[in-house]
Amino acid sequence: MRPLDLFCRDDQMYVCHFCTETDHKNHNVASFEEEIGQWRSHLGKTQVELQHMIQERLEKIQEINQSVELCKSTACLRWRATCFEEMAASRKIATLRLPPLPTISEIIKLYNLRAQKQLSQNFLLDLRLTDKIVRQAGNLRNACVCEVGPGPGGLTRSILNAGAADLLVVEKDSRFIPGLQLLSEAAPGRVRIVHGDVLAYRMSSAFPAHLTKTWDDEPPDLHIIGNLPFSVSTPLIIKWLEEMASRSGAFVYGRTRLTLTFQKEVAERLTASTGSRQRSRLSVMAQYLSTVNHCFTIPGRAFLPKPDVDVGVVHFTPLVHPHIQQPFKLVEKVVRNVFQFRRKHCHKGLEMLFPEAQRLRMTEELLRSADVDPTLRPADISISQFRALSDAYSRLCRENHTLFSYDFRQELRQKRQNHRQTKRET
Ligand SMILES: C[S@@+](CC[C@H](N)C(=O)[O-])C[C@H]1O[C@@H](n2cnc3c(N)ncnc32)[C@H](O)[C@@H]1O
C-alpha cells in the first residue's frame, strides 16, 4: 500500500506517486504540505472576511433598531399631538400644556446629542428645575418669549407649558434642530426655530409691533429666557445692557425682562452691592440700568455633563429711569478705569482717563466736581457716586473734544516706541 501524500488538483483527490504515472499522468499535482498550506491561508482570509461581514451586519442591525425607535417615537409624538389637538377642539378647552413627550434623556439618546465643550453645552434634564427657572420670569400665559440656546429643549418645554403663545428659539448647533422641530409639532403654531448665533441675531424685528409699550409703561409681554452657554454669557449680557441703554434690539418693544443663567460667580458679581467682595464692573453696569435679582442657585450636579461650577439664575427688569443718564460707552469707560486697579484708591484708576501731561490736575478736578473721596476703593463707590463721576467726566469731554477718544495704553505704547527709537539713535 503506497501513502497518498500527493493531491491532484484536476480531480480534487489525494493520490500516490504511482497514480501520477497512470490515471493522473500530466495532471496538476501538489505535495500534501503544499496543498494544506494553501487551504490554511485561504481559510484564514475567509475567516477575517466573515468577521468583517458579521461586524457590518451587526452595525446595520443597530442602525435599523435606532431608526425604528426614532420612527416609533416620532409617530407616537405626532399621534399624541394630533389626539391632543382633537381633544382640545372637541372639548373646546383652551389649554396650552404640551402632550406627553419622550423625556429629554430619550431625545438626547435618539438624536445622539453628545455635549460639545466648545459650545459650553451643559444640559438641564430635570423639568422641575426648568419649571422653577421659568417661574422667575413671571406670568408667561400668552406671552412672547425668545429662548437663547434651547439645546435638547428642557427649558423650552417649561416655557411652552407655562403658556407662552409665541416662542422664538435661537440655537447655534444644527444637531438640535430636528428635536426642536418635534417639539414645535407638539405645540402647533407656537414655536419658531432660528438656526444661528444669538450674538449676531437681530431681535428688533423678531416680534410683532403690537407688543410695543412705551418705556415708562409696564414691561411688554416679551421675555428673554436662557440657560446661557458660559462662553457667551458675559459678552451677551454686556451687549444686551448696551441695547437696554439705547433702547434698541429686544428693547425697541419697551422694558423687556430677562431671566438668564450664569456661572454662580458671575451671577454674584452682577448682583453684588456696594462694598461687597464681588463688586465689579459688571455689578455697576447691570445695576445702573436695571433691577437685578439673583433668584436661586442650581448645583453643578444638576447638569449633564456636570460643569466645574454652580449656576445662578438672574432676573433683570430695565429701570424706567436709569441711575446714570450718560451714554453707555462713557459710563463703561469710567467704570472700567476705576476697576482696573481694584485694590488701590479710586483716583489711581481715574487718572488713566487723562493724558499724562494733565493727569493729576484733571483727576483732581473730576473728583472735586463729582464730590467723591479719592481714597475710596473701587468696590466702595456707590451707583450715585458713579453717576457723579460720569457726569463730571462728560462735562470735561464736552470742554475737550479729544478727551473721550484718549486711551492711556496707546500713549504708553507710543512712549515706549519713542524711547526705543532714541536709544537706537544714541
Ligand atoms: C448650557 S446649554 C443649555 C441647553 C438647554 N437650554 C438646557 O438648558 O439644557 C447652551 C446651549 O446654547 C447653545 N449655544 C452656544 N452658543 C450659542 C450661540 N452663540 N448662539 C445660540 N446658541 C448657542 C448650545 O449649542 C447649547 O444648546
Side-chain angles (χ1 to χ4, degrees), residues 98 101-137 140 145-162 164 167-184 191-203 206 223-240 243 249-250 258-264 266-267 295-314:
L98 290 169
L101 296 165
T103 64
I104 297 296
S105 312
E106 281 167 350
I107 291 280
I108 291 174
K109 257 189 240 145
L110 281 174
Y111 292 102
N112 197 15
L113 303 171
R114 200 162 313 133
Q116 284 187 358
K117 218 173 176 170
Q118 68 270 30
L119 284 178
S120 308
Q121 293 176 342
N122 303 96
F123 308 134
L124 266 177
L125 308 185
D126 184 345
L127 293 187
R128 282 167 309 181
L129 269 177
T130 52
D131 283 349
K132 189 170 174 189
I133 297 177
V134 167
R135 278 199 299 277
Q136 312 308 313
L140 292 191
V145 178
C146 173
E147 189 197 350
V148 183
L155 197 53
T156 321
R157 290 180 188 201
S158 295
I159 296 170
L160 289 168
N161 276 331
L167 170 59
L168 175 87
V169 296
V170 185
E171 174 57 62
K172 191 172 181 181
D173 186 342
S174 60
R175 296 175 308 144
F176 294 114
I177 304 299
L180 293 168
Q181 273 157 354
L182 272 187
L183 206 49
S184 149
V191 184
R192 291 183 284 147
I193 302 168
V194 172
H195 175 210
D197 186 336
V198 68
L199 284 163
Y201 185 68
R202 283 168 61 92
M203 237 178 275
H223 299 257
I224 297 178
I225 300 180
N227 174 18
L228 295 184
F230 292 151
S231 55
V232 296
S233 60
T234 305
L236 197 54
I237 193 62
I238 291 286
K239 173 181 184 276
W240 281 337
E243 289 177 351
L258 311 143
T259 308
L260 306 166
T261 61
F262 294 89
Q263 194 173 321
K264 184 174 160 237
V266 179
C295 309
F296 66 100
T297 301
I298 308 176
R301 63 171 182 279
F303 295 84
L304 183 83
K306 175 185 171 302
D308 297 331
V309 290
D310 292 338
V311 168
V313 178
V314 183

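Just so you know, ligand 1 is whichever comes first in the structure, and atom 1 is the first atom listed for that ligand. Nothing here was measured: the structure is a model prediction, and the numbers come from that model.
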Subject >> Residue selection (non-hydrogen contact nearest atom 14 (N) of ligand 1) among Gly196, Gly153, Pro229, Ser158 >> reply: Pro229
Original post:
Is there at least one pair of N or O atoms, one from Val148 and one from ligand 1, spaced under 3.5 Å apart?
Top reply: no
**OP:** State whether a side-chain donor-acceptor pair under 3.5 Å links Ser158 with Asp131.
**Re:** yes
Subject >> Which segment of Phe176 sits under 4.0 Å of ligand 1 when only heavy atoms are counted >> reply: side chain
Original post:
So do the side chains of Phe296 and Gln136 get within less than 4.5 Å of each other, counting heavy atoms only?
Top reply: yes
Original post:
Does Glu171, backbone or side chain, put an N or O under 3.5 Å from an N or O of ligand 1?
Top reply: yes
Original post:
Are the side chains of Pro229 and Val232 in touch, meaning some heavy atoms are under 4.5 Å apart?
Top reply: yes
**OP:** Answer yes or no: does an N/O atom from Leu124 fall short of 3.5 Å to an N/O atom of ligand 1?
**Re:** yes
Original post:
At under 4.0 Å between heavy atoms, which part of Ser231 makes contact with ligand 1: side chain, backbone, both or neither?
Top reply: neither
**OP:** Could you go through the side-chain contact (heavy atoms from CB on, under 4.5 Å) check for Val311 and Leu124 one step at a time?
**Re:** CA-CA 11 Å; Val311 168; Leu124 266 177; over 6 Å; no
Original post:
Does Leu199, backbone or side chain, put an N or O under 3.5 Å from an N or O of ligand 1?
Top reply: no
Original post:
Can you tell if the side chain of Val191 reaches within under 4.5 Å of the side chain of Leu183, non-hydrogen atoms only?
Top reply: no
